Amino acid sequence: MQLFNNINEDVYRAYVFWSSVLVVKMLVMSILTGMQRFRKKAFVNPEDIATQPKLKIKTDDPDVERVRRAHLNDLENILPFFVIGFFYILSNPNPFIAVNLFRAVAVSRIAHTLVYAVVVIPQPARAIAWLIPYASSFYMAFNTILHFL
């Protein structure tokens, strides 16, 4: 199909690289959640505390919930990026713009986790780290729509 013949190799490689970085980042969020649960002894399943009768089920630890919210925010923002980023490369974008959009999304999503769930930094740090990838994905979506209109 001719649509796939127009993909710029540098743009595609950047998309695959930065998307893979984001997959690893999301996988690390599960580990970070587990680490917080063990550190705070905040387990939500009876089988997790079966060998330690002194522990009780705890579903409201603020530190664990902060990491979980950061992970949920990743799911809400990174998964749409995977889809629109792929569609965007099919629109034959300017390579410089595309590569830097992919880079900005990944670096900002990592920064979002750092300022929200690892070392909590007051606003507007988290808002900026959220807005950059959100605006980038919106830009890619808008340009893709215009291209395929």
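Keep in mind that what you see is a predicted model, and the values were worked out from it rather than measured. Sequential numbering from 1 along the given sequence is applied to the chain's residues.
- Proximity of P133 to N77: side-chain heavy atoms (C-beta onward) are nowhere separated by under 4.5 Å.
- The closest side-chain heavy-atom distance from N73 to R109 is below 4.5 Å.
- By the 4.5 Å heavy-atom criterion applied to side chains, T113 and V28 are not counted as neighbours.
- Put simply, CZ on F148 and CZ on F87 are 9.0 Å apart, with the number rounded to the nearest 0.5 Å.
- Atom CZ of R66 is surrounded by more than 12 heavy atoms from other residues, nucleotides or ligands within 6.0 Å.
- Of all heavy-atom pairs between F82 and Y15, the closest is O-OH, 2.5 Å.
- Atom CD of E9 is surrounded by 12 or fewer heavy atoms from other residues, nucleotides or ligands within 6.0 Å.
- The shortest side-chain heavy-atom distance between H71 and V67 does not fall under the 4.5 Å cut-off.
- Contact check for F138 versus I84: no side-chain heavy atoms found under the 4.5 Å cut-off.
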Checklist line | Candidate pair V44 and V64, rule side-chain contact (heavy atoms from CB on, under 4.5 Å), full reasoning | finding: CA-CA 11 Å; V44 295; V64 172; over 6 Å; no
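- For the atom pair CZ of R39 and CG of D61, the computed distance is 8.0 Å after rounding to the nearest 0.5 Å.
- Linking Ile, Leu, Val, Met, Phe, Trp and Tyr residues whenever their side-chain heavy atoms come within less than 4.5 Å leaves W130 and L114 in two separate clusters.
- A continuous path of ILVMFWY side-chain contacts below 4.5 Å connects V23 to L75, so both sit in one hydrophobic cluster.
- For F96, the CZ atom sits in a loose shell: 12 or fewer heavy atoms of surrounding residues, nucleotides or ligands are nearer than 6.0 Å.
- Shown here for M140 and V105, the closest heavy-atom pair between the two residues is CE-CG2, 4.4 Å.
- Residues V107 and L27 are members of one and the same hydrophobic cluster, defined by side-chain heavy-atom contacts under 4.5 angstrom among Ile, Leu, Val, Met, Phe, Trp and Tyr.
- With R37 contributing its side chain and A42 its backbone, the two residues share a donor-acceptor pair below 3.5 Å.
- Partners of I7 by side chain to side chain contact (heavy atoms under 4.5 Å, CB included), not counting sequence neighbours, listed by chain and number: F4, Y12, I89, L90.
- Surrounding CZ of R13 are at most 12 heavy atoms belonging to other residues, nucleotides or ligands under 6.0 Å away.
- K25 approaches D74 most closely through the heavy-atom pair NZ-OD2, 2.6 Å.
- The same ILVMFWY cluster, assembled from side-chain heavy atoms under 4.5 Å apart, contains both V21 and V16.
- Within 6.0 Å of NZ on K41 lie no more than 12 heavy atoms contributed by other residues, nucleotides or ligands.
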Next item on the list: Just do the side-chain contact (heavy atoms from CB on, under 4.5 Å) check on S19 and F81 with the steps written out, would you?
Entry: CA-CA 9 Å; S19 292; F81 162 75; 3.7 Å; yes
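- Residues T59 and E65 share a closest heavy-atom pair of O-OE2, 3.4 Å.
- Remark: R68 CZ to S30 OG distance equals 10.5 Å, nearest 0.5 Å.
- Distance check, rounded to the nearest 0.5 Å: CG of N100 to CH2 of W18 gives 10.0 Å.
- Taking NE2 from H147 and CG from N92, the interatomic distance works out to 7.0 Å, rounded to the nearest 0.5 Å.
- For the residue pair Y88 and A98, the shortest heavy atom distance occurs at CE2-CB, 3.7 Å.
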Margin query: Run the side-chain contact (heavy atoms from CB on, under 4.5 Å) test on L72 and E76 for me, step by step, so that the C-alpha distance in whole Å, both residues' side-chain angles and the decisive distance to 0.1 Å come before the verdict.
Written below: CA-CA 6 Å; L72 179 60; E76 294 168 348; 3.6 Å; yes
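- By the 4.5 Å heavy-atom criterion applied to side chains, R126 and V120 are not counted as neighbours.
- There is a path of hydrophobic side-chain contacts, each under 4.5 Å, that joins F102 to F17.
- For the residue pair S136 and I132, the shortest heavy atom distance occurs at OG-O, 2.8 Å.
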